[in-house]
Peer 1: 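I am attaching a structure below and will ask some questions about it afterwards.
Because the structure is predicted, anything quoted here is derived from the model rather than measured.
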Amino acid sequence: MSAQPLRVVVADDQALVRTGFRLILESEGIEVVAEAEDGEQAVAAVRRTRPDVVLMDIRMPGLDGLEATRRILADPAQQPPRIIMLTTFDLDHYVYAAMAAGASGFLLKDVTPEHLAAAVRLVRTGDALLAPAITRRLVERFARPDATAATAAPHRELGTLTPRELEVMTLLARGLSNAELAAGLQLSEATVKTHVARILGKLGLRDRAQVVVAAYETGLVSVGAAPGAP
């Protein structure tokens with residue numbers, strides 16, 4: 001375990017949700033360094049406390065969670081935290097937009113205590129929180145190739161990827177785990193992780209969530225294609 005406790009900000013306009021999440025996380029040894037009831041408070045709390053992870057409600061009064069996420073991730077003054085979006089809907093275009101903006105995934109608010117703690121620990125390691133079935137439906141519903149200049153521009157350099165990296169990116173976009181990628185491509189998990197890291201670096205992406213979005217927006221993976229097919 002890390003010598004430093006994992007530090008989290010919880011942003012939600014419902015006090016009951018914030019309190020419940022705080023109790024769950026603190027019972028797991030995860031420190032909640034601040035709470036926020038709207039986006040403005042969330043941005044301020046992140047700047048003040050510099051957490052590892054933010055649990056961010058999408059719909060909040062005033063500045064919503066999506067815009068707060070954009071501001072936090074665009075702040076050049078600090079190493080941005082990992083952001084997990086909270087929603088009561090598993091197919092919400094705000095979640096897709098948040099993933100495109102750099103959020104590391106999303107959770108439904110009725111998440112179990114065990115899953116909540118595990119999710120926070122997972123994204124802290126630099127991985128993305130992707131529920132493959134939900135994420136694929138989400139992306140296929142809202143992604144459009146070259147949807148906007150803002151989201152498409154960073155992803156047009158697919159030509160910098162090797163054939164193997166393109167293959168890994170395609171399968172990753174289908175929601176395969178590192179273990180599944182390794183088995184399917186007959187590679188070690190360490191080699192798969194190296195390929196994923198190179199994809200992120202070459203395309204200027206934060207994590208696997210953005211890789212999934214980029215794969216659809218660039219047309220590398222087409223909506224409606226069978227798993228494993230381009």
Side-chain angles (χ1 to χ4, degrees), residues 2 6 52-53 73 80-85 90-91 95-96 98-108 111 114-147 151-152 154-230:
S2 171
L6 202 164
D52 301 298
V53 178
L73 296 180
R82 301 286 169 173
I83 298 180
I84 300 175
M85 307 306 296
D90 67 355
L91 284 176
V95 178
Y96 174 77
M99 289 170 61
S104 295
F106 63 95
L107 289 171
L108 301 184
V111 62
E114 296 79 10
H115 192 185
L116 176 65
V120 169
R121 292 191 174 105
L122 177 67
V123 299
R124 187 206 197 181
T125 67
D127 209 340
L129 183 66
L130 297 175
I134 292 175
T135 301
R136 184 180 177 201
R137 298 200 328 261
L138 178 78
V139 174
E140 289 196 350
R141 179 172 176 180
F142 296 110
R144 293 172 295 160
D146 289 333
T151 56
H155 312 322
R156 290 199 176 115
E157 298 302 321
L158 293 186
T160 64
L161 302 183
T162 66
R164 177 62 90 183
E165 289 164 355
L166 284 169
E167 186 176 19
V168 169
M169 184 174 178
T170 300
L171 295 176
L172 194 156
R174 294 298 176 194
L176 272 65
S177 66
N178 284 346
E180 291 168 333
L181 282 166
L185 298 174
Q186 297 184 325
L187 300 171
S188 69
E189 286 195 47
T191 299
V192 168
K193 289 179 181 179
T194 297
H195 284 310
V196 172
R198 287 175 178 166
I199 291 167
L200 295 175
K202 288 180 178 181
L203 300 184
L205 304 174
R206 280 175 55 81
D207 55 33
R208 296 165 72 107
Q210 284 195 305
V211 173
V212 174
V213 173
Y216 281 88
E217 289 187 343
T218 59
L220 178 64
V221 176
S222 59
V223 173

Peer 1: What is the distance from atom OG1 of T170 to atom CG of L172, rounded to the nearest 0.5 Å?
Peer 2: 9.5 Å
Peer 1: Let's go through H195 and L187 carefully: what are the C-alpha distance in whole Å and the side-chain angles of both, what is the deciding distance for side chain to side chain contact (heavy atoms under 4.5 Å, CB included) to 0.1 Å, and is it a yes or a no?
Peer 2: CA-CA 11 Å; H195 284 310; L187 300 171; 4.1 Å; yes
Peer 1: Please list all pairs meeting salt bridge (Lys or Arg N to Asp or Glu O under 4.0 Å) that have one or both residues in residues 164-173, counting only residues at least two apart or in different chains.
Peer 2: R164-E167, E165-K202
Peer 1: Any idea which heavy atoms bring V53 and L6 closest together, and the distance?
Peer 2: CG2-CD2, 4.0 Å
Peer 1: I'd like to check the side-chain hydrogen bond (donor to acceptor under 3.5 Å, both in side chains) partners of T191; sequence neighbours left out, ordered by chain and number.
Peer 2: S188
Peer 1: How many angstroms lie between atom CD of E189 and atom CG of N178, to the nearest 0.5 angstrom?
Peer 2: 6.0 Å
Peer 1: Let me confirm one number: the CD1-CG distance from I84 to L107, rounded to the nearest 0.5 Å.
Peer 2: 5.0 Å
Peer 1: Is any side-chain heavy atom of M169 closer than 4.5 Å to a side-chain heavy atom of L203?
Peer 2: yes
Peer 1: Roughly how far apart are L116 CG and R121 CZ, rounded to 0.5 Å?
Peer 2: 10.0 Å
Peer 1: Report the distance from atom CG of L73 to atom CD1 of I83, rounding to the nearest 0.5 Å.
Peer 2: 4.0 Å
Peer 1: To the closest 0.5 Å, what do you measure between CD1 (I199) and CG (L205)?
Peer 2: 9.5 Å
